[in-house]
Amino acid sequence: MNTRSIHGRLIFGAALTILLALGIAGNGLVWLFQRHIEQREGLSLEVKARELLPGLHVDAQARPSAQTLPSDSRFLHPGSGLYWQANAPGGVIRSRSLSDQSLSMPNPLTGDPSGETWSLRHTDGPFGHRLIVIARTIRPDAGRPPVLVQFATDGDALSLFQNEFRMETALALCLLWVVLVLAAVVQVRLGLGPFRRVGAELDLLRRNPAERLSTDHPREIAPLVEAINALADARAADLDRARHRAADLAHSLKTPLAALAAQSRRARAEGASSAADAIDRTIAVAQAALEAELARARSAIAREREAPARADVLATIEGVVAVVERTDAGSLLVFDIDVPAGIEAPLSSADLAEIIGALTENAARFARRRIAISAWAERGCIRIAIADDGPGMESDWMSRAMLRGQRLDEAGPGHGLGLPIAADLVAATGGTLSLTSGGASGGLTIDLSWPDNTHP
């Protein structure tokens with residue numbers, strides 16, 4: 001059993017509780033059956049005793065005698081399992097079924113001779129059998145000693161019936177236990193259904209921070225739902241303030257950068273070209289980082305406020321390729337697009353275009369002749385692959401390439417921000433990005449994946 005599973009704990013607890021309850025009930029049923037059988041046998045013996053008691057007498061020497069005998073023929077056969085015996089101070093009379101054996105006496109000749117109550121007990125009897133015995137003390141003749149009358153029947157047969165009843169009851173209770181456990185499983189699954197619904201809504205909240213859990217849940221988990229919604233509201237507010245502060249910071253840095261640009265122009269006019277070039281490179285890096293951060297902040301804020309969008313993958317890729325083909329690097333390459341029509345990714349077209357654009361421009365910088373872009377739908381996800389036929393990437397560079405400012409080609413243009421920005425956007429939209437080198441294209445392959453329940 002998984003101790004971390006509420007479902008498993010409830011099922012285990014229900015199964016154990018039902019087992020204990022049925023065990024107690026089974027023992028109770030066996031005890032009631034045994035008691036019923038004993039009472040029934042006691043009543044049957046009392047009926048037989050009524051045939052003997054009217055003809056029972058005690059003579060002057062306190063010897064008992066019986067003028068009428070029970071009619072059951074089993075009293076005539078030795079060891080038949082049915083016996084009677086009468087004990088008086090002057091002697092003993094017994095059934096022929098006892099032969100030369102006798103019944104033990106409990107506290108002989110005690111009790112109220114005028115009473116009509118038979119006592120019942122279990123005792124070891126003749127012929128190696130366990131007996132059920134009823135006994136009663138009577139005074140058949142006034143002024144004469146009382147007589148202890150006992151009737152007995154074989155208890156072994158009753159024990160056999162009780163064992164059979166016990167086994168059949170155990171089998172029936174085991175079947176009942178299985179049925180009740182299955183019913184408990186159904187009940188637990190139905191009872192935990194609202195939690196599965198909360199889990200599904202939490203998954204939607206994870207994919208789209210603007211979502212909130214519905215309020216039509218059972219009252220037992222309503223406080224949990226309200227707490228989660230309150231936490232989501234607080235998180236959204238904190239993120240909104242942080243993003244706005246980042247945007248404000250980026251805007252506030254534009255003025256100092258503009259001042260630096262003016263200083264660069266003044267230095268260049270005064271003949272300090274080397275210093276001006278260094279300032280311009282620094283300004284370019286800073287401006288690229290600022291623009292990327294502003295774009296990311298605008299995109300994130302838009303995702304918080306908008307409903308979940310879906311992007312046409314083929315149309316977005318074709319639009320990006322049409323732009324890249326006009327660049328100096330892209331005009332020399334062949335773009336091979338293998339994307340079936342109708343595939344949609346679970347993010348906005350603007351986000352997908354920014355991701356594909358950054359990765360395609362990066363591939364164009366290193367490709368020799370060809371860039372292949374493909375997309376397809378798999379079980380529960382959308383996949384996009386961008387592969388170039390360039391030199392590829394060393395394994396130790398793959399993790400470094402995702403860091404801001406890391407460049408594979410220090411001599412070429414760019415600021416080392418394409419892959420990190422794309423990775424951030426992919427992660428923000430719930431996807432994953434991975435790099436492989438030396439595949440079918442021979443160069444670097446960038447794999448993108450987004451979970452999508454519309455493609456089971």
Open item on the list: Run E344 and V313 through side-chain contact (heavy atoms from CB on, under 4.5 Å) and show every step you take.
Closed with: CA-CA 6 Å; E344 294 182 340; V313 176; 5.7 Å; no

Ignoring hydrogens and angles, write down the donor-acceptor pairs under 3.5 Å from the side chains of residues 150-159, residues two or more places apart or on other chains.
from: Q150; atom 1: OE1; to: R121; atom 2: NH1; distance (Å): 3.2
from: Q150; atom 1: OE1; to: R121; atom 2: NH2; distance (Å): 2.8
from: Q150; atom 1: NE2; to: S104; atom 2: O; distance (Å): 3.4
from: D154; atom 1: OD1; to: D156; atom 2: N; distance (Å): 3.0
from: D156; atom 1: OD2; to: H129; atom 2: ND1; distance (Å): 3.1
from: S159; atom 1: OG; to: G155; atom 2: O; distance (Å): 3.0

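- Here the side chains of S374 and D336 are not in contact, with every heavy-atom distance at 4.5 Å or above.
- E46 places none of its side-chain heavy atoms less than 4.5 Å from the side chain of R136.
- Contact record, I386 with A363: CG2-CB, 4.4 Å, taken as the closest heavy-atom pair.
- At a threshold of 4.5 Å between non-hydrogen side-chain atoms, the residues L433 and I355 do not count as touching.
- When atom types are taken as modelled, the side chain of D452 and the backbone of P346 share no donor-acceptor pair closer than 3.5 angstrom.
- Contact annotation: the side chain of R326 never approaches that of S331 to less than 4.5 Å [non-hydrogen atoms, C-beta and beyond].
- In terms of modelled atom types and a separation under 3.5 Å, the side chain of T17 and the main chain of A14 share no donor-acceptor contact.
- Panel note: side chain N229, backbone L213; a donor-acceptor pair is recorded below 3.5 Å.
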Open item on the list: I'd like to know whether L425 forms a side-chain contact (heavy atoms from CB on, under 4.5 Å) with L347, so could you lay out the CA-CA distance, the side-chain angles of the two residues, the decisive distance to 0.1 Å, and finally the verdict.
Closed with: CA-CA 10 Å; L425 288 174; L347 67 162; over 6 Å; no

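- Counting only heavy atoms from C-beta outward, the side chains of K48 and F75 approach each other to under 4.5 Å.
- D388 contributes no side-chain N or O that, together with a main-chain N or O of G443, makes up a donor-acceptor pair within less than 3.5 Å.
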TODO: Show your working on side-chain contact (heavy atoms from CB on, under 4.5 Å) between F165 and I37 and close with a plain yes or no.
DONE: CA-CA 11 Å; F165 178 80; I37 290 297; over 6 Å; no

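- Here the side chain of S119 pairs a donor or acceptor atom with the backbone of A135 at under 3.5 angstrom.
- Of the residues L333, L332, D389, the one that meets the side chain to side chain contact (heavy atoms under 4.5 Å, CB included) test with R368 is D389.
- Within the 4.5 Å cutoff, the side chain of I343 has no heavy atoms near those of the L314 side chain.
- Considering all non-hydrogen atoms of both residues, V324 and A364 come closest at CG1-CB, 4.3 Å.
- Heavy atoms of other residues, nucleotides or ligands lying less than 6.0 angstrom from CZ of R130 number more than 12.
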Open item on the list: Using side-chain contact (heavy atoms from CB on, under 4.5 Å), reason through R197 and D216 one step at a time and then give a plain yes or no.
Closed with: CA-CA 11 Å; R197 181 182 169 195; D216 58 339; 2.6 Å; yes

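- No side-chain heavy atom of S97 sits less than 4.5 Å from a side-chain heavy atom of L82.
- At least one donor-acceptor pair under 3.5 Å links the side chain of T429 to the backbone N or O of V426.
- Residues I18 and L176 form no side-chain contact, since every pair of their non-hydrogen atoms from C-beta on lies 4.5 Å or further apart.
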